[in-house]
Amino acid sequence: FGDVVANIKDVKKLINSHPFALVECKKYPGGPVCTDAVLNQHLQTYGGLLKKELEILNPNMIVCTNKLIYGLVKDMFPKDEITEPQKDKIVYHKNSGTFIFNSYHPSARGISYQRIYEYVINNYREFLQSN
(Lines give C-alpha, C1' and ligand atoms only; values in the text may rest on other atoms or scores of the structure.)
Protein backbone atom coordinates (compact mmCIF):
# COMPACT_ATOMS: atom_id res chain seq x y z
CA PHE A 1 0.00 0.00 0.00
CA GLY A 2 2.90 2.35 0.73
CA ASP A 3 4.15 1.85 -2.82
CA VAL A 4 0.72 2.72 -4.18
CA VAL A 5 0.56 5.93 -2.15
CA ALA A 6 4.13 6.89 -3.10
CA ASN A 7 3.42 6.34 -6.80
CA ILE A 8 -0.18 7.53 -6.96
CA LYS A 9 0.29 9.38 -10.27
CA ASP A 10 1.52 6.19 -11.96
CA VAL A 11 -1.30 4.19 -10.37
CA LYS A 12 -3.88 6.65 -11.70
CA LYS A 13 -2.34 6.40 -15.19
CA LEU A 14 -2.53 2.61 -15.01
CA ILE A 15 -6.16 2.58 -13.88
CA ASN A 16 -7.13 5.15 -16.51
CA SER A 17 -5.46 3.18 -19.32
CA HIS A 18 -6.68 -0.36 -18.52
CA PRO A 19 -10.18 -1.82 -18.42
CA PHE A 20 -11.29 -1.63 -14.79
CA ALA A 21 -14.66 -1.17 -13.11
CA LEU A 22 -15.57 -0.12 -9.58
CA VAL A 23 -19.21 -1.09 -9.14
CA GLU A 24 -21.55 0.48 -6.65
CA CYS A 25 -25.25 1.17 -6.69
CA LYS A 26 -26.28 4.70 -5.81
CA LYS A 27 -27.84 5.14 -2.42
CA TYR A 28 -30.34 7.85 -1.63
CA PRO A 29 -28.59 11.24 -1.65
CA GLY A 30 -27.58 12.66 1.68
CA GLY A 31 -27.84 9.48 3.73
CA PRO A 32 -24.75 7.85 5.23
CA VAL A 33 -25.94 4.27 4.73
CA CYS A 34 -28.05 2.15 2.44
CA THR A 35 -29.77 -0.92 3.85
CA ASP A 36 -29.42 -4.25 2.07
CA ALA A 37 -33.16 -4.20 1.35
CA VAL A 38 -32.97 -0.81 -0.39
CA LEU A 39 -29.78 -1.78 -2.23
CA ASN A 40 -31.34 -5.03 -3.38
CA GLN A 41 -34.34 -3.10 -4.70
CA HIS A 42 -32.01 -0.78 -6.67
CA LEU A 43 -30.08 -3.78 -8.03
CA GLN A 44 -33.28 -5.44 -9.21
CA THR A 45 -34.45 -2.20 -10.83
CA TYR A 46 -31.14 -1.20 -12.44
CA GLY A 47 -29.28 -4.52 -12.73
CA GLY A 48 -29.96 -4.71 -16.45
CA LEU A 49 -28.41 -1.29 -17.00
CA LEU A 50 -25.42 -2.30 -14.90
CA LYS A 51 -24.96 -5.40 -17.04
CA LYS A 52 -25.09 -3.30 -20.23
CA GLU A 53 -22.52 -0.88 -18.80
CA LEU A 54 -20.15 -3.72 -17.91
CA GLU A 55 -20.57 -5.20 -21.39
CA ILE A 56 -19.64 -1.84 -22.92
CA LEU A 57 -16.67 -1.30 -20.60
CA ASN A 58 -15.54 -4.92 -20.96
CA PRO A 59 -13.24 -4.63 -17.92
CA ASN A 60 -10.86 -7.39 -16.95
CA MET A 61 -11.17 -6.45 -13.29
CA ILE A 62 -14.44 -5.62 -11.55
CA VAL A 63 -14.39 -4.50 -7.92
CA CYS A 64 -17.80 -4.75 -6.26
CA THR A 65 -18.37 -2.59 -3.20
CA ASN A 66 -20.89 -4.83 -1.46
CA LYS A 67 -21.71 -8.55 -1.21
CA LEU A 68 -25.09 -8.02 -2.93
CA ILE A 69 -23.45 -6.25 -5.86
CA TYR A 70 -20.81 -8.99 -6.00
CA GLY A 71 -23.55 -11.62 -6.22
CA LEU A 72 -25.36 -9.74 -8.99
CA VAL A 73 -22.20 -9.24 -11.07
CA LYS A 74 -21.07 -12.83 -10.50
CA ASP A 75 -24.46 -14.06 -11.73
CA MET A 76 -24.00 -12.12 -14.98
CA PHE A 77 -21.53 -14.82 -16.06
CA PRO A 78 -22.49 -18.44 -16.83
CA LYS A 79 -21.90 -20.56 -13.72
CA ASP A 80 -20.01 -23.23 -15.66
CA GLU A 81 -17.50 -20.62 -16.89
CA ILE A 82 -16.48 -19.17 -13.53
CA THR A 83 -14.15 -20.27 -10.78
CA GLU A 84 -14.67 -19.07 -7.22
CA PRO A 85 -11.78 -20.52 -5.21
CA GLN A 86 -12.37 -18.14 -2.32
CA LYS A 87 -16.10 -18.06 -1.64
CA ASP A 88 -17.51 -14.55 -1.55
CA LYS A 89 -14.09 -12.98 -2.19
CA ILE A 90 -13.04 -13.42 -5.81
CA VAL A 91 -14.38 -14.96 -9.01
CA TYR A 92 -12.53 -15.62 -12.24
CA HIS A 93 -14.35 -15.86 -15.57
CA LYS A 94 -12.14 -18.10 -17.69
CA ASN A 95 -13.46 -17.20 -21.14
CA SER A 96 -12.98 -13.43 -20.83
CA GLY A 97 -10.14 -13.41 -18.30
CA THR A 98 -12.25 -11.23 -15.99
CA PHE A 99 -11.70 -11.07 -12.25
CA ILE A 100 -14.61 -10.08 -10.00
CA PHE A 101 -13.68 -8.94 -6.51
CA ASN A 102 -15.88 -8.53 -3.47
CA SER A 103 -14.70 -5.53 -1.46
CA TYR A 104 -15.73 -2.89 1.00
CA HIS A 105 -17.29 0.38 -0.11
CA PRO A 106 -14.60 3.10 -0.24
CA SER A 107 -16.56 5.23 2.22
CA ALA A 108 -17.28 2.38 4.67
CA ARG A 109 -17.00 3.61 8.23
CA GLY A 110 -13.98 2.49 10.20
CA ILE A 111 -12.27 0.84 7.22
CA SER A 112 -9.16 2.53 5.91
CA TYR A 113 -8.17 2.66 2.25
CA GLN A 114 -5.15 0.56 3.19
CA ARG A 115 -7.35 -2.19 4.65
CA ILE A 116 -9.59 -2.18 1.56
CA TYR A 117 -6.56 -2.35 -0.73
CA GLU A 118 -4.92 -5.14 1.24
CA TYR A 119 -8.16 -7.15 1.37
CA VAL A 120 -8.56 -7.12 -2.42
CA ILE A 121 -4.88 -7.58 -3.23
CA ASN A 122 -4.41 -10.42 -0.72
CA ASN A 123 -7.38 -12.28 -2.21
CA TYR A 124 -5.92 -11.71 -5.68
CA ARG A 125 -2.50 -13.01 -4.55
CA GLU A 126 -4.09 -16.10 -2.99
CA PHE A 127 -5.93 -16.79 -6.24
CA LEU A 128 -2.78 -16.39 -8.35
CA GLN A 129 -0.77 -18.65 -6.03
CA SER A 130 -3.44 -21.37 -6.13
CA ASN A 131 -3.57 -21.47 -9.96
Asker: How long is the gap from CZ on F77 to CD1 on I82, to the nearest 0.5 Å?
Answerer: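 It is 8.5 Å, given to the nearest 0.5 Å.
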Asker: For side chain to side chain contact (heavy atoms under 4.5 Å, CB included), just list the numbers for N66 and D36, CA-CA rounded to whole Å, side-chain angles, deciding distance to a tenth of an Å, and then say yes or no.
Answerer: CA-CA 9 Å; N66 174 284; D36 282 352; 4.0 Å; yes
Asker: State, to 0.1 Å, how close L39 and L68 come at their nearest heavy-atom pair, and which atoms those are.
Answerer: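 For L39 versus L68, the nearest heavy atoms are CD2-CD1, 4.1 Å.
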Asker: Heavy atoms only: give me the nearest D88-N102 pair and the separation to one decimal.
Answerer: O-ND2, 2.9 Å
Asker: Please say which of I116, I111, I69, N123 ends up in a side-chain contact (heavy atoms from CB on, under 4.5 Å) with S103.
Answerer: I116
Asker: Taking all atoms of both residues into account, what is the closest heavy-atom pair of P85 and F127, and its distance?
Answerer: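 Closest heavy-atom pair between P85 and F127: CG-CD1, 3.2 Å.
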Asker: Please enumerate all residues that pass side chain to side chain donor-acceptor pair (under 3.5 Å) together with D3, with sequence neighbours excluded.
Answerer: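 Here no residue qualifies.
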Asker: Indicate the atoms forming the closest heavy-atom contact of I90 with F99, along with that distance.
Answerer: CD1-CD2, 3.9 Å
Asker: Shortest non-hydrogen contact from Y70 to I100?
Answerer: CE1-O, 3.6 Å
Asker: List for me each residue that meets side chain to side chain donor-acceptor pair (under 3.5 Å) alongside K89, sequence neighbours excluded, and say none if there are none.
Answerer: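 So K89 forms no side chain to side chain donor-acceptor pair (under 3.5 Å) with any residue.
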Asker: Take F101 and Y119 through the test side chain to side chain contact (heavy atoms under 4.5 Å, CB included) and record every step on the way to the result.
Answerer: CA-CA 10 Å; F101 299 92; Y119 178 79; over 6 Å; no
Asker: Tell me, please, which residues at least two apart from E118 pass side chain to side chain donor-acceptor pair (under 3.5 Å).
Answerer: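 Listed in chain order: Q114.
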Asker: List the atom of M76, the atom of G47, and the distance in Å for their closest heavy-atom pair.
Answerer: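 Looking at all heavy atoms of both residues, the closest pair is CE-O, 3.9 Å.
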Asker: For atom OH of Y113, decide whether the heavy atoms of other residues, nucleotides or ligands shown that lie under 6.0 angstrom number more than 12.
Answerer: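 No, because the 6.0 Å sphere around OH of Y113 holds 12 heavy atoms or fewer from other groups.
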